Asks: 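This structure is in structure tokens; I'll ask about it shortly.
Everything quoted here is computed from the prediction, not taken from an experiment.
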Amino acid sequence: MTGKLITSHIALAGSLLCASMAQAQDAAPPAEAAPGEGTQATGTGEGLIVVTGSRIQRDGYNAPTPLTVLQTEDIEATAPANIADFVNQIPSVIGSATPASSNLSMSAGTSGLNTINLRGLGTNRTLVLLNGQRSVGSALGGQVDVNTFPQGLISGVEVVTGGASAAYGSDAVTGVVNFILDEDFTGLKAGAEAGITTYGDAPNYRLDLTFGTPFADGRGHILLNGELAVKDGLHGVPRDWNDKGWYQITNPAYAPGNGEPERLIVDQVGLGLATPGGLITDGPLRGLYFGQGGAIGQFDFGTVANPWIIGGDWAMTQVNDTQSLDPEENRKSIFGRISYEVAPWLNVFAQGSYARSVNQGQLGIHRNQGNVTIQADNAFLPEEVRSALLAAGETSFRFGTTNADLGIRTNRTTRGVQRYVVGANGEFPLFADYARWDVYYQKGIANTREEALGIANNTRFALATDAVFAPAGNALGVAEGTIVCRSSLTDTDNGCVPLNRFGVGVADPAALDWILGDLYRKQRFEQNVVAANLSFTAFDLPAGPLSVAIGGEHRTEEVSGYVEDRYQSGWFTGNYLPSFGDYSVTEGYLEVLAPVFDGFDVNGAIRATDYSTSGYVTTWKLGATFEPIDGLRFRATRSRDIRAPNLAELFTAGSTRTNTVLDPFNGNQSTPFAGTSTGNPRLEPEKADQWGLGVVVQPRFFPGFSASVDYYDIKIKDAIDSLDAQTIIDRCHEGVSEYCAAIVRGPNDFGTNLQIFESPFNFASQRARGLDFETSYRTDLGAGALTLRGIATLYLENTVDNGIDPAVDIVGENTAYGNPEFVYRMIASYADGPLRLNLIGRGISSGTYDNSFVECTSGCPESSATARTINTNHIDGAFYLDASVYHDFSLGMSELSLFFAVSNLLDKDPPVVGSGPAGSAYATPATNQSLFDLLGRAFRIGATIEF
């Protein structure tokens, strides 16, 4: 990126008086955090801000670790359907999994999750906490589903964007996201809200009820919360932007050295090897297709770009509207907490919660791209087709179909997450001051049922397809000329029901019932945590007190599963296997804050961690803050952070899906393959070295203004990841032998002749660098107050180097696994008594498909797997406007608050992103589902009444 571009981005970010809070800026106070949760209060003139980033608890201390604090007002301004939707708008959070973007992750068991991804380095490198405490994961990879938290009780979110492993434990490589509960709520509060798009679809609603009351003269407190959230979902993709047939394909005019680009981004593209009712793909009858009711037509191939066509009957073969743009969701939760002050030094508490969610989404069709062999004596073939085959001397043909009569594959995941916490906290005199302590035990249990509905059994599918007329005197005892499965003539008890695949609306429902199955897998994840923390002032130094925090934690993680034998292999997708495994980790830490001289503090932490699976590691952090003059503060951190392999990376027994790759060993033909993911028990922990440098400005001559800029640099060694199937087969073809061991050819249980294993291993390195900007300004305006706030992140680098291929920097790639270059969010809020108005702008810079691509239209250099040529490498950016209005009313002893919100006010379509050239591109909507707004303009209205 050029220096001019960096300068322009910094200038833009610095001028954003917009979306959230810089550390220690003016703000209304959030709910007080419980002692021992890694928080401390910092005075700001108007109130207190609860901040994270250190276990040290000392008034007036500003931690050196960058922090974003988002409070009730910030959340309400967005009026999100759930809290994860709000957090995912923070620029330092990119590439998170949402129900829409994870809908296709059926075999992995992650569909329907709402998880957080800081820095675009993976959800498994972000530590998600609830009130400073860990929570059980909702999937094998340990991902914490934010939707399991009590949404109606969340009063704020703290985002630590920096190395935090030494202070908070493993997994905090990119930072910590801590959700804060309003534990002291008193009264009765009921809320109801509903939303719908401007197109009248994707309706949703949410109801919640909260009750809190003190008892025993205020020494005790009871808190209860219940919530119901329902999304009807949006199945299919009924949006104009998806109807143009945009894909990334192999250029049919390309040949090595001829100067043409190897790849094209073009519209009016469709599948060339399959139609909904079937297409003959070879021989003298090539191009004959079967339509509604079996009607025969001649397919117009336009320009062939295997497996695609350009032009011709491209629209006939479109199936990228058969998945769910917005999956269904039905979520219920209940939360309860009781606390009691036994003595001034001892407060005990117990809490429990249960969240149940059911997510359901369409996955798309069953696809056979010219890989089905049909015999000329098939009983369902129209007579004219059979006669033409016989006249041509053909006994069979190749057949491609998207199997419209089989219906759409569907995933449904049911999760029940239990979480129980008991603990105590308090303070007592120590060293002429007070020491704060806390201890807790947490048990979390997540039970999941992952279902793949309407999936074809490969063996039965093949048998039912091969239908013939029964000869006289057959073993089945049926009349001559009866249509039967060929296999049943010799295996009379196999139960096969013949299937007509030649057309749409022609299949026998009984045949479909015999072929299709509803697969499922049950999994149970259990987490146990015991933790204790103590912070105190040890003694006074010339510049102030020496503060200390110490603590320890023991944690166990376990998975067990169950899959019926019949569902473990042999299916079009799913092929679940049960996973079993466990590990434990014991940690202890020490953190010290030493004031060197007035305005200069040094903060250090060290943590010893011992994993049962991968052994002992040490993490540490050293940071400093320097305030040479009032209103100007510099901060710096240096840390070593770690992440040990999780349950999925270690113990996944195996899950297999079927898809296609372009097989370079076969002329880059589109080839079906079975992709199998397994765990790797030999994995080692990741190690991350981080630098952070920042400055915070709060000039006294400019009251109400604050700004911060922070630079981060993260280097990960032995990073754990896996490569995609296309990369594996391409690199094997180029002679990199390390990849060839993952490829197995020959018949398998999954109906393909190619199997590719995609197991994780320790990559050589990964590096991420960037700049975070935060600004805010608050001033009186008329009878009210105007607040302008902003957050932006300029991503400078996110490079993966696997030690074999050239390193790839994904910053600036706006595709599904990329990392946009610049992300920002800005808000203008005006409050006048009971009225609050909010206008939000959020944006993403333009980008590329792949930074390694070489853009050219003629005279192109030689194309390779690591430097492919393409006609255009540009993806547009996006800018969205949101607005909301709140009004409060006093109704006797109660307070009523009404709101109306509009997201994507201008109804902006998402930028076009053409998927391809193989894999699931045929079924993928023409945009980036994890990055851009998919539904268009949406309205939300709600009310809260509090007594």
Side-chain angles (χ1 to χ4, degrees), residues 250 252 270-291 294 296-309 312-314 316-317 319 365-406 456 458-459 461-468 485-487 498-504 506-507 515 572 658-663 665-674 745-748 750-754 917-918 922:
T250 299
L271 284 173
L273 295 174
T275 63
L279 172 71
I280 298 177
T281 60
D282 71 348
L285 302 187
R286 178 179 179 270
L288 211 64
Y289 75 87
F290 304 89
I296 299 173
Q298 184 64 42
F299 188 74
D300 182 354
F301 284 93
T303 301
V304 176
N306 182 62
W308 307 95
I309 60 168
D313 285 330
W314 69 273
M316 179 189 300
T317 66
V319 289
I365 47 80
H366 291 79
R367 171 192 53 163
N368 295 111
Q369 284 195 198
N371 64 333
V372 178
T373 298
I374 301 295
Q375 302 298 325
D377 62 350
N378 190 291
F380 289 116
L381 270 180
E383 192 57 41
E384 61 187 282
V385 176
R386 192 188 332 276
S387 298
L389 284 171
L390 294 177
E394 299 287 339
T395 59
S396 66
F397 60 83
R398 302 288 285 176
F399 184 69
T401 174
T402 52
N403 295 294
D405 279 5
L406 264 65
N458 295 324
T459 299
F461 202 7
L463 294 179
T465 297
D466 191 16
V468 296
C485 300
R486 190 190 309 269
S487 61
L499 173 68
N500 183 357
R501 299 181 70 178
F502 307 114
V504 178
V506 297
I515 293 166
F572 188 87
T658 54
N659 213 318
T660 61
V661 293
L662 299 182
D663 188 353
F665 292 94
N666 188 26
N668 278 325
Q669 294 293 308
S670 179
T671 305
F673 79 98
R745 295 186 183 271
N748 54 52
F750 311 105
T752 71
N753 287 307
L754 175 64
Y922 68 97

Asks: Asn378: which residues meet the side-chain hydrogen bond (donor to acceptor under 3.5 Å, both in side chains) condition with it, sequence neighbours left out?
Replies: none

Asks: Check whether the side chains of Arg398 and Thr281 place a donor and an acceptor atom closer than 3.5 Å, and report yes or no.
Replies: no

Asks: Among Asn753, Asp663, Thr752, which residue meets the side-chain hydrogen bond (donor to acceptor under 3.5 Å, both in side chains) test with Arg745?
Replies: Asp663

Asks: Taking the side chain as C-beta and beyond, is there a heavy-atom pair between Pro307 and Leu662 under 4.5 Å?
Replies: yes

Asks: Atom CZ of Phe301 and atom CG of Asn306: how far apart are they, to the nearest 0.5 Å?
Replies: 10.5 Å

Asks: Tell me every residue that passes side-chain contact (heavy atoms from CB on, under 4.5 Å) with Asp405, counting only those two or more places apart in sequence or in another chain.
Replies: Val504, Val506, Ala507

Asks: Not counting sequence neighbours, which residues clear side-chain hydrogen bond (donor to acceptor under 3.5 Å, both in side chains) with Thr250? List them please.
Replies: none

Asks: Kindly write out the residues that satisfy side-chain contact (heavy atoms from CB on, under 4.5 Å) with Ser396, not counting sequence neighbours, or none if the list is empty.
Replies: Thr373, Gln375

Asks: With sequence neighbours left out, write down each residue that passes side-chain contact (heavy atoms from CB on, under 4.5 Å) with Glu394, or none if nothing qualifies.
Replies: Pro284, Leu389, Ala392

Asks: Kindly indicate, with the supporting measurements, whether the criterion side-chain contact (heavy atoms from CB on, under 4.5 Å) is fulfilled by Thr401 and Arg501.
Replies: CA-CA 8 Å; Thr401 174; Arg501 299 181 70 178; 3.3 Å; yes

Asks: Please report the closest heavy-atom contact between Ala674 and Asn748, naming both atoms and the distance.
Replies: CB-ND2, 4.4 Å

Asks: Quick one, Thr303 and Ile309 - any side-chain contact, counting heavy atoms below 4.5 Å?
Replies: no

Asks: Applying side-chain contact (heavy atoms from CB on, under 4.5 Å), can you list everything that pairs with Thr317, at least two apart in sequence or on another chain?
Replies: Leu271, Thr275, Phe299

Asks: Hey, are the side chains of Tyr922 and Trp308 touching, using non-hydrogen atoms and a 4.5 Å cut-off?
Replies: yes

Asks: Closest approach of Asn371 and Pro672, non-hydrogen atoms and distance?
Replies: ND2-CG, 3.4 Å

Asks: So that I know where these two stand, are Phe502 and Phe399 an aromatic pair - ring centroids less than 6.0 Å apart?
Replies: yes

Asks: Below 4.5 Å, heavy atoms only, C-beta onward: do Leu285 and Phe397 meet side chain to side chain?
Replies: no

Asks: Under a 4.5 Å cut-off applied to non-hydrogen side-chain atoms, are Leu279 and Arg286 in contact?
Replies: no

